[in-house]
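Right, I'll just put the structure down here and ask away after.
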Amino acid sequence: MGKRFLSAIVALSIFAALFVSCASKSPEPGPQTFDDNFRMFYEIYVRSYSDSNGDGIGDIQGLISKMDYLHARPGEDDTMSLGIDAVWLMPIFTSPSEHKYDVTDYYTIDPTYGTMDDFDQMLKEFHQRRIRVILDMVVNHTSSEHPWFTQAVEALNSGKDSPYLNYYNFTKEPWYFGMTEEDIIAQQEKEAERIAEAKKNGETVEPVDITTQTDGFTPVPGNEDGWYYESRFWSGMPDLNLDNPDVIRELKDIMRFWIDKGVDGYRLDACTSFYTGNLKKNVAFLQTVVDYCKSVNPDFYLVGEVWSDTWTITQYYKSGIDSIFNFDCSFSGPYAGLLNNLTKNKRGGKLSGRLETVFTDMRNANLNAIDAPFLSNHDTPRAATYLKASSDRKLAASLYQMLPGNCFIYYGEEIGMSEGWKNDSEKRLPIMWSADENGNDIIPPKDGGRAGSPYFGVYEQLVQPDSLLRHYKRLLNIKKYNPEIQRAEVVSACDVGNYNVAAYTCAYENAAVMVLHNLTPTVKHVNLREAGYETFSEVSGFVIADDYVEEEAHRAYIKDYEYEVPEVKAGASPLVYVNGEITLPPKSTVILRSHEKANSTFITTTLPPYVTPTDLVTPTDLVTPSDAA
């Protein structure tokens with residue numbers, strides 16, 4: 001037995017003794033399970049996940065073959081599983097495109113992905129693993145190749161009548177589309193004022209020719225009468241007329257079909273585009289969708305895409321929807337992403353304060369709302385594209401996975417895949433299963449390339465103790481043992497006297513935990529007794545984002561059961577918690593449990609509109625004067 005191994009065992013023994021002696025014992029061994037809509041989600045682009053038939057395109061059978069990686073069957077060994085319990089499948093309906101957000105048939109599976117029998121088998125396999133499945137549901141538009149649209153265009157060009165003419169938004173005056181008479185008058189007055197002001201200043205300006213304002217509309221193909229159709233995304237995606245009761249009936253039939261199939265929820269695409277520029281009508285239509293789905297299945301889960309600021313997202317929660325993606329929190333929000341900034345500027349106090357405000361506003365709008373934080377998705381580059389240091393990637397994972405609500409992992413995020421910025425294809429590259437296999441030789445989407453990963457692929461990282469993937473596994477385990485984090489009913493920011501440490505409490509069913517993040521590359525000391533938080537005396541979870549894992553000594557004991565945590569290498573500072581004073585290793589996250597009963601009743605209040613702090617935009621000094629010690 002080598003000296004290095006002996007020293008590792010000694011270090012582990014000392015570390016474990018410190019850990020157990022300085023924290024009270026828990027009476028609740030093992031993770032807790034719940035049958036609710038709080039889930040750990042994983043977003044999958046089927047085309048880029050796993051290919052079963054050698055045609056270079058990912059498919060449903062390929063996905064089935066990789067299910068054990070997502071979650072083992074009940075009672076089976078989960079060592080080689082990530083541990084998620086819900087998946088969001090990007091569009092799988094029949095479509096002419098790679099991304100499939102332009103649907104031609106909502107009732108069939110795209111043949112490149114498989115058959116309905118494949119889908120039924122997949123759903124059964126997921127449910128056997130207690131994994132819930134939500135589908136991407138696109139109700140704002142169809143494909144321009146959808147029979148509804150082709151028949152409408154044919155009727156318009158031939159002068160014949162067709163019920164499908166009113167399924168889409170056809171107009172000869174796209175520049176006035178959606179505007180009331182008052183809106184038109186106001187626009188004309190504004191233009192007149194602009195010209196008058198220029199003339200007053202001795203300037204010459206050209207009047208705006210409003211008939212040239214056709215953005216978001218496309219000329220009807222083959223039509224010579226000046227007809228346009230609304231197409232906010234591109235010409236291949238004509239917008240549906242959501243004011244038409246027949247369209248609503250069609251959409252309800254489609255949603256009912258898949259609910260009856262057994263799917264557990266929908267991700268609703270492009271919620272801000274239902275009625276572009278009309279928040280009130282968008283929220284009203286969203287409520288129609290929510291109410292209908294809940295009438296069929298009260299436990300059905302709905303999460304919406306509202307790519308906007310936090311105040312706007314809060315308004316959409318008034319529809320009664322379960323969740324809305326937290327774009328401000330991601331790495332590509334309007335302010336460059338909260339987590340991106342925090343990872344770089346280390347101002348932990350900002351996370352705590354902002355989290356409490358956003359959570360409170362969200363719950364005031366919808367008492368049952370569940371936040372949906374994420375780092376990246378299919379429309380944004382993955383975090384590894386921004387963060388080059390592996391420790392920063394782990395820290396970013398710790399920050400968002402320890403937030404309340406349903407965190408969404410974009411496939412490949414957990415192994416540090418990185419990509420280019422040019423187009424959507426580069427954000428949807430094949431997952432790297434291993435350094436040699438590289439996604440079962442899936443052909444990258446058009447205009448894509450090959451993904452990069454700092455620790456190779458999934459299989460290598462599953463057995464590498466200090467990998468990003470193993471870090472994700474630890475984070476998911478911590479949430480299983482501490483349901484207060486994900487299911488928080490009350491969230492409170494904590495001032496622990498150190499601006500580089502993010503601290504907040506999560507209360508659920510009269511129990512509470514405190515989350516502490518040291519965002520800096522140096523040791524931080526926090527006196528919880530002086531800060532008034534001495535009741536949080538039991539260590540209930542611990543991860544280190546820095547690469548301090550000792551391979552031979554990788555397990556320590558917490559509570560009355562074995563719990564995997566990273567051991568620090570010789571010379572690095574371990575976690576020490578004695579008499580209310582805690583020493584946080586660099587870039588570490590600690591969960592502390594309170595031994596007192598907590599108030600977990602949310603009290604609705606009236607709050608002023610939320611405004612994003614401007615000082616999050618520009619990184620500031622890492623250490624404040626009061627924190628210099």
Side-chain angles (χ1 to χ4, degrees), residues 12-34 348 352 355 398-399 401-404 473-498 501-518 523-545 554-568 573-585 588-600:
L12 174 61
S13 302
I14 296 172
F15 176 80
L18 274 173
F19 225 161
V20 176
S21 64
C22 299
S24 58
K25 298 281 186 177
S26 169
E28 302 173 357
Q32 300 184 42
T33 58
F34 298 84
S352 309
L355 171 60
S398 298
L399 288 173
Q401 282 294 328
M402 293 297 105
L403 293 174
K473 280 175 61 68
R474 295 182 194 107
L475 292 169
L476 299 186
N477 275 329
I478 285 176
K479 290 162 73 172
K480 293 174 184 176
Y481 285 98
N482 298 279
E484 295 84 359
I485 298 172
Q486 186 171 22
R487 294 169 173 80
E489 296 164 316
V490 176
V491 175
S492 303
C494 302
D495 182 1
V496 294
N498 193 311
V501 175
Y504 53 90
T505 59
C506 300
Y508 170 69
E509 291 192 346
N510 298 321
V513 296
M514 175 182 287
V515 179
L516 291 165
H517 297 286
N518 175 8
V523 171
K524 293 297 173 187
H525 304 281
V526 174
N527 192 321
L528 294 177
R529 185 181 63 257
E530 290 183 357
Y533 299 107
E534 65 274 11
T535 63
F536 292 90
S537 57
E538 175 193 341
V539 176
S540 190
F542 173 47
V543 291
I544 302 177
H554 192 58
R555 289 185 177 270
Y557 284 85
I558 303 176
K559 303 185 178 180
D560 295 324
Y561 52 87
E562 196 173 36
Y563 185 94
E564 187 179 25
V565 299
E567 175 58 73
V568 296
S573 174
L575 170 70
V576 179
Y577 188 19
V578 180
N579 296 326
E581 295 185 27
I582 188 166
T583 299
L584 301 172
S588 63
T589 297
V590 180
I591 311 301
L592 301 176
R593 181 170 294 279
S594 175
H595 62 258
E596 290 188 354
K597 185 176 180 180
N599 178 19
S600 59

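Heavy atoms only: backbone and side chains are in, while hydrogens, waters and symmetry mates are out.
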Task: S540 side chain to I591 backbone, donor-acceptor under 3.5 Å - done: no

TODO: May I ask you to decide whether R593 forms a salt bridge with E484, counting only side-chain N to carboxylate O separations under 4.0 Å?
DONE: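 The answer is yes: the pair qualifies as a salt bridge.
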
Open item on the list: Checking T535 now: which residues fulfil side-chain contact (heavy atoms from CB on, under 4.5 Å) with it, not counting sequence neighbours?
Closed with: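 Here the qualifying residues are S594, H595, E596.
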
Open item on the list: Is any side-chain heavy atom of E581 closer than 4.5 Å to one of R529?
Closed with: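 Yes, side chains in contact.
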
Task: Sidechain-backbone polar pair: K479 side chain, Q401 backbone, donor-acceptor under 3.5 Å - done: yes

Open item on the list: Are L575 and S588 packed together at the side-chain level, in the sense that at least one heavy-atom pair is separated by less than 4.5 angstrom?
Closed with: no

- [ ] Start with the C-alpha distance between V539 and L592, add both sets of side-chain angles, then the distance that settles side chain to side chain contact (heavy atoms under 4.5 Å, CB included), and finish with yes or no.
- [x] CA-CA 5 Å; V539 176; L592 301 176; 3.8 Å; yes

TODO: Please work out whether the ring planes of F34 and Y508 are parallel, tilted or perpendicular, with thresholds of 30° and 60°.
DONE: perpendicular

Open item on the list: Whether the side chain of N518 engages the backbone of P585 through a donor-acceptor N/O pair (distance < 3.5 Å, no angle test) should be reported.
Closed with: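 Answer holds: yes.
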
- [ ] Determine yes or no for a side-chain-to-main-chain donor-acceptor pair under 3.5 angstrom, with E489 supplying the side chain and E509 the backbone.
- [x]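 Checking the backbone N and O of E509 against the side chain of E489, a donor-acceptor pair under 3.5 Å is found.
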
Task: Close side-chain approach of Y577 to E538, heavy-atom, < 4.5 Å - done: no

Open item on the list: What I'd like to find out is whether the side chain of I485 reaches to under 4.5 Å of the side chain of I478, using heavy atoms alone.
Closed with: yes

Open item on the list: Just so I know, are the side chains of N498 and L584 near enough to count as touching, which here means a heavy-atom distance under 4.5 Å?
Closed with: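 N498 does not reach L584 side chain to side chain.
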
Open item on the list: I need the single residue from L475, N482, V513, L516 that forms a side-chain contact (heavy atoms from CB on, under 4.5 Å) with M402. Which is it?
Closed with: L475

